[in-house]
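Notes to accompany the following structure.
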There are 2 protein chains.
Amino acid sequence: MGETIQSVERAAAILRLLASGPRQLGVAELARGLGLPKGTLHGILRTLVHVGFVEQDPATGKYRLGATLLHLGSSYLDVNELRTRSINWADALAGRSRESAWIGTLHEGHVLVIHHVFRPDDSMQTLQVGTYLPTHASALGKVLLAHDPYAEPAAPPLRPHTKHTVIDPGALEEELERVRTRGWAAEMEELVDGEVAIAAPIKDRRGVVVGAIGIRGAVERLATDGALHMEYVSYVRDAARAITRDLAR
Amino acid sequence: MGETIQSVERAAAILRLLASGPRQLGVAELARGLGLPKGTLHGILRTLVHVGFVEQDPATGKYRLGATLLHLGSSYLDVNELRTRSINWADALAGRSRESAWIGTLHEGHVLVIHHVFRPDDSMQTLQVGTYLPTHASALGKVLLAHDPYAEPAAPPLRPHTKHTVIDPGALEEELERVRTRGWAAEMEELVDGEVAIAAPIKDRRGVVVGAIGIRGAVERLATDGALHMEYVSYVRDAARAITRDLAR
DNA sequence: GCTCATGGTTCGACAATGCCGAACGAATCG
DNA sequence: CGATTCGTTCGGCATTGTCGAACCATGAGC
């Protein structure tokens with residue numbers, strides 16, 4: 001890739017920085033974070049405000065992300081072929097398993113959730129579309145890591161989320177090997193206590209893994225004595241195969 | 001507002017154009033749409049690809065929105081105070097009314113949906129967060145229009161969505177006046193046949209309307225002979241008042 | 001209530017930066 | 001098998017954005 005445009009690159013860096021935390025940031029903070037002069041930053045910020053990507057708090061003068069980004073993000077979902085082709089299958093998976101269904105793809109070293117169906121007859125859940133899951137501590141992530149062609153060796157330190165999270169790189173690599181050979185991944189209370197997950201790979205027409213689909217639910221429903229109920233694994237793998245077949249057309 | 005940065009402004013225009021339709025666009029199409037030389041556009045596109053805001057289809061060479069935007073959009077939701085403060089109330093509203101609950105705000109002449117709770121015990125609904133609703137054909141939109149300080153007179157032509165959509169500017173203005181005096185808005189099959197909606201305004205600590213909350217459901221559940229059941233109106237107004245009180249703290 | 005530090009904002013001069021248009025190779029269509 | 005149309009590259013020119021200092025407003029500390 002050749003040269004890139006400085007100001008656009010800087011604008012993107014500002015947006016990433018604003019997105020990195022729930023806090024609003026001031027010009028000075030941003031300038032320090034990016035190592036740029038205040039004046040330069042202000043010019044870019046003014047433009048970002050003008051196009052609606054950033055909003056300025058009238059009271060404090062600080063900056064935060066703007067509403068236009070929300071709309072652009074949801075437009076991305078319309079364009080995303082993997083998502084549009086798999087929505088129906090995810091619904092069906094949630095219906096059969098009576099658990100929440102998830103579809104994710106690898107992005108910047110995380111699992112980006114691109115679809116999420118709530119567990120039937122259970123509202124009061126917050127939607128996770130657009131959020132990141134850790135690759136090493138989620139079933140979706142293990143599937144995607146296991147088939148990642150660039151095979152980044154899961155840069156340590158692996159952050160522990162519960163006492164069951166796999167944080168040893170060697171142990172994780174063994175786990176990924178197991179995922180590759182048997183064709184699906186499990187996650188047993190490694191992200192949230194009391195929750196387990198199952199996932200399987202989705203491939204495009206060339207056989208490349210482009211995403212993963214899975215379910216997530218309470219350990220007492222999906223497993224007994226630490227062993228997953230295999231009918232749930234079948235549901236997930238069926239769904240993954242169905243979408244893969246769909247994408248091949 | 002002073003001068004803005006050309007290349008950033010152009011980059012934003014590209015993103016908006018890509019988001020305007022579900023189709024992928026090529027360099028030439030974009031250049032024609034924006035009236036810019038191909039070479040110039042290519043440079044910006046290359047940068048947008050580099051920062052992940054745009055993806056290029058390896059097969060056709062055409063461009064589409066990128067996954068980073070989805071993540072930025074969901075980050076916006078974390079920052080948005082109106083949303084974080086009203087999530088619990090929306091859940092409660094959906095629970096009491098047993099209908100889907102919605103929260104929206106005015107953005108670029110549309111209603112931007114910033115929260116959406118599914119109807120209890122009814123999955124198989126697609127999430128609408130980040131999408132636009134028309135201001136003149138939705139209950140949320142009528143509330144927001146009625147209290148819009150800039151009072152743009154709903155630029156005709158008003159697009160009809162069903163045979164009940166109000167398309168006469170005069171009739172709409174009367175309707176808005178009614179919304180202002182009684183404090184809530186109704187929408188009777190004006191957007192989708194068989195569906196009606198109710199909405200009420202949310203105000204910030206200064207009394208300015210910053211959003212609207214409402215419910216939407218089948219006409220046979222929410223109304224009889226074209227008259228809304230008033231207990232649903234109470235649910236919605238209660239929720240709106242509760243959030244307004246919450247924001248005042 | 002004064003001082004001082006820190007915040008967001010403006011401005012103008014310099015030159016680096018990104019813009020443009022023409023030219024290239026690949027792919028597609030008739 | 002020509003003739004378009006596409007995405008991409010490149011180098012010269014001047015437009016454009018960068019930079020740092022200066023400008024106010026705000027708020028904390030004494």
Inset, instruction - Looking at every strand, decide which applies to B/Q56 at a 4.0 Å heavy-atom threshold: base, sugar-phosphate, or nothing. - result: sugar-phosphate
Strictly below 4.0 Å, N to O, side chains only: are [X] and [Y] in salt-bridge contact?
X	Y	result
A/K142	A/E177	no
A/K38	A/E29	no
B/R46	A/E9	no

Would you kindly give the [atom1]-to-[atom2] distance between [X] and [N], to the nearest whole Å?
X	N	atom1	atom2	value
A/L30	C/dG7	CG	P	12 Å
A/E29	C/dG8	CD	C1'	12 Å
A/E55	C/dG8	CD	C1'	18 Å
A/L48	C/dG8	CG	C1'	16 Å
A/H42	D/dT18	NE2	P	13 Å
A/Y63	C/dG7	OH	C1'	11 Å
B/K62	C/dT28	NZ	C1'	12 Å
A/L25	C/dT6	CG	P	18 Å

Legend entry - Check: B/H110 main-chain N/O paired with B/T135 side-chain donor or acceptor under 3.5 Å: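 No.
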Looking only at the side chains, is there a donor atom on one of [X] and [Y] sitting less than 3.5 Å from an acceptor on the other?
X	Y	result
B/H107	A/T68	yes
B/H136	B/T165	no
A/S7	B/S7	yes

Under 4.0 Å between a side-chain N or O of [X] and OP1 or OP2 of [N]?
X	N	value
B/R32	D/dC6	yes
A/R46	C/dG8	no
A/Q24	C/dG8	no

Inset, instruction - Go along nucleotides 17-24 of chain C 5' to 3' and tag each nucleotide: B for a protein heavy atom under 4.0 Å from its base, S when only backbone or sugar atoms are that close, - otherwise. - result: SSSBB---
